[in-house]
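This report refers to the structure that appears directly beneath it.
Just so it is clear, the structure is predicted and the values come from calculations on it, not from any experiment.
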Amino acid sequence: MAQRVILAYSGGLDTSVAISWIGKETGKEVVAVAIDLGQGGEDMEVVRQRALDCGAVESVVVDARDEFAEQYCLPAITSNALYMDRYPLVSAISRPLIAKHLVTAAREHGGTTVAHGCTGKGNDQVRFEVGFGSLAPELEVIAPVRDYAWTREKAITFAEENAIPINVSKKSPFSIDQNVWGRAVETGFLEDLWNAPTKDVYSYTEDPTINWQAPDEVIISFEKGRPTAIDGRPVSVLEAIVELNRRAGAHGVGRLDVVEDRLVGIKSREIYEAPGAMVLIRAHEELEHVTLERELGRFKRGTDRKWAELVYDGLWFSPLKSSLEAFIDHTQQHVSGDIRLNLHGGHIAVTGRRSEESLYDFNLATYDEGDTFDQSAAKGFVHLHGLSSKISAKRDLR
């Protein structure tokens, strides 16, 4: 059997052209693997057939929606994962899953090489190739767009010269990546930091002013950090994301305009839409404020930030990430309860919290009758708490 290349296939111009190009350049057969991550758009059977029409010897579609939600989005929720405190890792958490399925396909279809369509400027090349190296270091890697400096114009010319059956008449100014966790948009006029996003940038969210007169109140229930119900109706993690994408997106929630620090050393301007992700992270974070002991909560906020940085940097399979997750999972044993939120005008407002695991004690917190807090103990506490600073200050004054 001829040697085979396993290609991460999106159905777009670059990866469709890559099927023919890899065959001509390497003499190897190409197996196209498309992953359904809830990105919507074209029917996945259409995508599968297109790969065959473009010359793939086999074309595989993997329905990974539930796997993505349970094993990749859920850890992002329990880790309150926001890179640079803003970006909910829309693309970053999908790449290790795609890498995993490409390695599986390589073993099932006799592949000796894996290929992706990433550029040399982005983070995804790192995420894919570090993933391949962790899961199957024996596989070779081909990256045509990066290694041969492809441009859109070169890809179109190659498609025309080789009669590749793909429609390239509609030229979008943007580079777009999307899945059920969110949508990422870059390039085009967005590369000028002064240019405001126009309405055609957005797809997952409505203009925040459209439903201004009808805010949406939602109650999200969690059990041990996992979203389990919306407004009392049981849901899977995937169902929770899908429903909140719809409801929060209708109010313009989850629009993000970010200048972020890429792993390769440059800054990039990205527009994200992640309505469900932002609502779930906000609700989960609020429930932790109610149920985590103070020092544990303070420390976890640091590990959350580090988890997000590791995932952003393509280190999903690293020992440190695995160890952090063991700690994070342990912190979730009491993170159960309900959070009520109001979705309105692009904003998420928490309006209620309740939990059987709550550390909030009304009788200690109240200033009214029934107060059980011993205020007489506070004077000595304040004195001792500030004593070392006071002694130091006296020395400095001398």
Side-chain angles (χ1 to χ4, degrees), residues 37-41 73 76-77 79-95 118-119 121-124 126-127 171-212 215-216 241 244-286 304-305 307-309 311-314 341-350:
L37 300 175
Q39 59 264 40
C73 299
I77 295 169
S79 302
N80 304 310
L82 297 173
Y83 177 66
M84 296 177 68
D85 299 322
R86 293 178 291 174
Y87 166 45
L89 303 175
V90 167
S91 299
I93 62 171
S94 74
R95 296 333 189 211
C118 303
T119 72
K121 285 188 177 182
N123 302 303
D124 287 337
V126 181
R127 295 164 183 159
K171 183 174 181 180
S172 169
F174 308 122
S175 173
I176 299 171
D177 179 56
Q178 62 191 44
N179 55 56
V180 74
W181 194 235
R183 184 170 179 268
V185 185
E186 63 177 1
T187 71
F189 69 84
L190 296 173
E191 291 176 343
D192 185 333
L193 299 184
W194 195 247
N195 287 339
T198 51
K199 64 181 182 180
D200 61 324
V201 171
Y202 300 105
S203 175
Y204 282 15
T205 57
E206 298 286 352
D207 184 322
T209 64
I210 287 180
N211 291 308
W212 188 263
D216 188 0
I241 299 168
L244 292 170
N245 275 343
R246 176 179 58 81
R247 292 174 64 174
H251 292 271
V253 169
R255 291 186 173 188
L256 305 163
D257 187 340
V258 176
V259 175
E260 68 188 47
D261 291 320
R262 283 188 179 174
L263 178 59
V264 296
I266 64 176
K267 290 184 183 289
S268 66
R269 198 260 189 100
E270 310 279 344
I271 303 298
Y272 296 110
E273 295 179 280
M278 296 305 291
V279 171
L280 284 164
I281 290 172
R282 180 72 180 88
H284 177 267
E285 189 175 42
E286 191 65 28
D304 288 347
R305 186 173 296 109
W307 188 94
E309 290 171 352
V311 173
Y312 184 89
D313 290 350
L341 310 102
N342 202 29
L343 310 176
H344 181 235
H347 296 284
I348 306 166
V350 175

How many angstroms lie between [atom1] in [X] and [atom2] in [Y], if you round to the nearest 0.5 Å?
X	Y	atom1	atom2	value
Ile266	Glu260	CD1	CD	10.0 Å
Ile241	Ile77	CD1	CD1	5.5 Å
Cys73	Leu280	SG	CG	9.5 Å

Donor-acceptor check, side chain of [X] to backbone of [Y], threshold 3.5 angstrom: yes or no?
X	Y	value
Gln178	Gln39	yes
Trp181	Pro88	yes
Asn245	Ala248	no
Asn195	Phe189	yes
Arg262	Ser268	no
Ser79	Ala81	no

Quiz item: For the side-chain hydrogen bond (donor to acceptor under 3.5 Å, both in side chains) test, which of Arg305, Glu285, His284 pairs with Asn80?
Solution: His284

Quiz item: Do Arg282 and Glu286 meet the salt-bridge criterion of a basic N to acidic O distance under 4.0 Å?
Solution: yes

Self-check item: Note: Arg86-Glu270 ion pair, threshold 4.0 Å (strictly below)
Solution: no

Quiz item: Taking side chain as C-beta onward, heavy atoms only, is Pro197 less than 4.5 Å from Arg269?
Solution: yes

Quiz prompt | Met278 side chain reached by Ile348 side chain, heavy atoms, under 4.5 Å | solution = yes

Exercise. Mind running side-chain contact (heavy atoms from CB on, under 4.5 Å) on Asp261 and Glu309 for me, showing each step along the way?
Key: CA-CA 11 Å; Asp261 291 320; Glu309 290 171 352; over 6 Å; no

Practice problem: Show the numbers, then the answer: is there a side-chain contact (heavy atoms from CB on, under 4.5 Å) between Asn179 and Val90? | Solution: CA-CA 7 Å; Asn179 55 56; Val90 167; 4.1 Å; yes

Do you know the tightest heavy-atom contact between [X] and [Y]?
X	Y	value
Asn211	Ala250	ND2-O, 2.6 Å
Ala283	Leu341	CB-CD1, 4.0 Å
Ser91	Ala184	OG-CB, 4.2 Å
Leu190	Val185	CD1-CG1, 4.0 Å

Quiz item: Under the salt bridge (Lys or Arg N to Asp or Glu O under 4.0 Å) test, which residues partner Arg183, sequence neighbours left out?
Solution: Glu273

Practice problem: Could I get the full list of salt bridge (Lys or Arg N to Asp or Glu O under 4.0 Å) partners for Asp216, not counting sequence neighbours? | Solution: Arg247

Practice problem: Can you tell me which residue pairs pass the salt bridge (charged side-chain N to carboxylate O under 4.0 Å, His left out) test with a partner in residues 187-201, sequence neighbours excluded? | Solution: none

Quiz item: Do Trp212 and His251 have ring centroids that are under 6.0 Å from one another?
Solution: no

Quiz prompt | Test item: side-chain donor near acceptor, Asn123 and Tyr312, under 3.5 Å | solution = yes

Self-check item: Criterion side-chain contact (heavy atoms from CB on, under 4.5 Å) on Ile271 and Tyr202, from CA distance to verdict
Solution: CA-CA 9 Å; Ile271 303 298; Tyr202 300 105; 3.7 Å; yes

Quiz item: With under 30° as parallel and over 60° as perpendicular, where do the rings of Tyr272 and Tyr87 fit, or are they tilted in between?
Solution: parallel

